[in-house]
Protein chains: 2
Amino acid sequence: MIAFMARAATTADAFNAVAEPRRRQILDVLAGGERPVNDLVRQLGLAQPQVSKHLRVLREVGVVNVREEGRMRVYRLNGHALKPIHDWVKNYERSWSDRFDQLDVVLVDLRQKEEEGDGNDE
Amino acid sequence: MIAFMARAATTADAFNAVAEPRRRQILDVLAGGERPVNDLVRQLGLAQPQVSKHLRVLREVGVVNVREEGRMRVYRLNGHALKPIHDWVKNYERSWSDRFDQLDVVLVDLRQKEEEGDGNDE
DNA sequence: TTGACATATTCCTATATGGGTATATGATTG
DNA sequence: CAATCATATACCCATATAGGAATATGTCAA
């Protein structure tokens, strides 16, 4: 019986997982190729447990995969899990992209011609 | 003297603000045009205070603007504030877009020709 | 087997919520 | 001015962190 909901879990979805700057940094490093945990620890200057914890979150939402190699675990990016974010934010691209301004011109143009065609009011 | 950092504030940046599903819903509605608070309350089926609180968060990160009109406040989308998210996630598009597969083919091709040109090993 | 290495987990603590409810603030109308 | 409408805030409560430190788990080398 859940009565209170404080805040969505970071493991709820990619949006939450990626809201943390450190985790975005981790992904940015992994974008350059798979890496064992210690490499990430060194490159990010974080403590090892923190990195492991962030990796766990990223794992749970499927943004990264792990592969065991001897005593180390090599993490690899799975960018596909970020697609929902891209798909969502893409719809707002109109707000800043010049490309869409051009598109708008075309659409307005089409609309005018349409209205000229049939005298449909409203 | 800050010793503990629980979790980044939702008002820290657009990433955090948008991590909350309700807030994305609000933005999706506002994408259809500016709306007074009560319209959002009705369309989202949330309590008015919750909507106002979410709007405040969105305001603080600049994703929405307010305009006073009589006794109501009309909220308007400012998609430009979402550009950082788009810019970041765009770099991962390679993972799922076919377009980039084609691009990769071209790049590999260029690389080969380059290597054939001068006998530079490694 | 023992010790060094590489990671993951567990505890502890302060904090930032998000929903629910009640209330404050402001504008509009009678 | 009083009543009403539209919003924003203030409080209370339970929860999910994120970092720090210590410890557990597993693997490899001597």
Side-chain angles (χ1 to χ4, degrees), chain A residues 1-27 29-30 34-61 64-76, chain B residues 1-27 29-30 34-61 64-76:
Chain A
M1 208 190 293
I2 302 170
F4 282 80
M5 197 157 321
R7 189 172 178 179
T10 57
T11 57
D13 55 35
F15 282 94
N16 278 285
V18 161
E20 167 67 44
R22 310 291 201 176
R23 286 196 282 265
R24 289 201 298 279
Q25 285 180 26
I26 290 178
L27 294 180
V29 173
L30 291 181
E34 54 180 26
R35 300 281 159 76
V37 179
N38 257 351
D39 275 25
L40 294 171
V41 169
R42 274 188 293 274
Q43 287 203 38
L44 301 177
L46 295 179
Q48 175 266 313
Q50 274 63 5
V51 173
S52 281
K53 278 186 278 191
H54 283 313
L55 286 171
R56 178 178 186 163
V57 172
L58 294 173
R59 230 187 310 147
E60 298 197 48
V61 298
V64 300
N65 297 317
V66 211
R67 175 168 58 82
E68 308 206 0
E69 187 172 316
R71 54 183 152 184
M72 45 170 94
R73 312 222 180 156
V74 184
Y75 280 81
R76 180 206 311 233
Chain B
M1 209 191 293
I2 303 170
F4 282 79
M5 196 157 321
R7 189 171 177 179
T10 57
T11 57
D13 56 34
F15 283 94
N16 278 285
V18 160
E20 167 66 43
R22 309 289 201 178
R23 287 196 282 265
R24 288 201 299 279
Q25 285 180 27
I26 290 178
L27 295 181
V29 173
L30 291 181
E34 53 180 28
R35 300 280 160 76
V37 179
N38 257 352
D39 274 26
L40 294 171
V41 169
R42 274 188 291 274
Q43 287 202 40
L44 302 176
L46 294 179
Q48 175 267 315
Q50 276 62 5
V51 173
S52 281
K53 279 187 277 190
H54 283 311
L55 285 171
R56 177 176 187 165
V57 172
L58 294 173
R59 230 187 310 145
E60 298 197 49
V61 299
V64 300
N65 297 317
V66 211
R67 174 169 58 84
E68 308 206 359
E69 189 172 314
R71 53 184 155 186
M72 44 170 95
R73 314 224 179 154
V74 183
Y75 280 81
R76 180 206 309 235

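Chain letters run A, B, ... following the sequence lines, proteins first and then strands; every chain starts at 1.
The CE atom of B:Met72 sits 14 Å away from the C1' atom of C:dT29 (whole-angstrom rounding). What separates CG of B:Leu58 from P of C:dT17 is a distance of 13 Å, to the nearest Å. We find that CZ of A:Arg42 is positioned 12 Å from P of C:dC5, with the value rounded to whole Å. Per the geometry, CD belonging to A:Gln50 stands 13 Å off P belonging to C:dA8, to the nearest Å. With rounding to whole Å, B:Glu60 atom CD is found 13 Å from C:dA16 atom C1'. Distance CG (B:Asn16) to P (C:dT17): 8 Å, rounded to an integer number of Å. Distance B:Arg22 CZ to C:dG20 C1': 13 Å, rounded to the nearest Å. We find that CG of A:Leu40 is positioned 10 Å from P of C:dA8, with the value rounded to whole Å.
For C:dG18, its base never sits under 3.5 Å from the side chain of B:Glu20 at any donor and acceptor pair. Contact annotation: side chain of A:Gln48 to base of C:dA8, donor-acceptor pair present below 3.5 Å.
The distance from atom NE2 of B:His54 to atom CD of B:Glu20, rounded to the nearest 0.5 Å, is 4.5 Å. One finds the CD atom of A:Gln48 at 9.5 Å from the CG atom of A:Leu55 (value rounded to the nearest 0.5 Å). Residue A:Met72 holds its CE atom at 10.5 Å from CZ of A:Arg67, rounded to the nearest 0.5 Å. Here the CG atom belonging to A:Leu58 is positioned 8.0 Å from the CG atom belonging to A:Leu30, to the nearest 0.5 angstrom. Taken to the nearest 0.5 Å, the CG atom of B:Leu44 stands 13.0 Å off from the CZ atom of B:Arg23.
Contact between the side-chain N/O atoms of A:Arg23 and the OP1/OP2 oxygens of D:dA18 is found at a separation under 4.0 Å. For A:His54, no side-chain nitrogen or oxygen approaches OP1 or OP2 of D:dT17 to under 4.0 Å. At the phosphate of C:dC5, neither OP1 nor OP2 sits under 4.0 Å from any side-chain N or O atom of A:Asn38. At C:dT9, one or more side-chain N or O atoms of A:Arg56 fall inside 4.0 Å of OP1 or OP2 (strictly under the cut-off). Checking the phosphate oxygens (OP1, OP2) of D:dA6, no side-chain nitrogen or oxygen of B:Tyr75 falls inside 4.0 Å.
Between B:Val57 and A:Arg71, the one whose closest nucleotide on DNA chain C sits nearer the 5' end is A:Arg71. Taking the nucleotide of DNA chain D with the nearest heavy atom to each of A:Lys53 and B:Leu55, the more 5' of the two is matched to B:Leu55. Between B:Arg59 and A:Pro49, it is B:Arg59 whose nearest contact on DNA chain D lies nearer the 5' terminus.
For B:Arg7, the listed nucleotide lying nearest its side chain is D:dA18; candidates were C:dT21, D:dA6, D:dA18. Distance from the side chain of B:Ser52 is smallest for D:dT7 among the nucleotides C:dT9, C:dA6, D:dT7.
Across all strands shown, B:Thr10 has heavy atoms under 4.0 Å from sugar-phosphate atoms exclusively, and none from any base.
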Mind running side-chain contact (heavy atoms from CB on, under 4.5 Å) on A:Gln43 and A:Arg35 for me, showing each step along the way? CA-CA 11 Å; A:Gln43 287 203 38; A:Arg35 300 281 159 76; 3.0 Å; yes
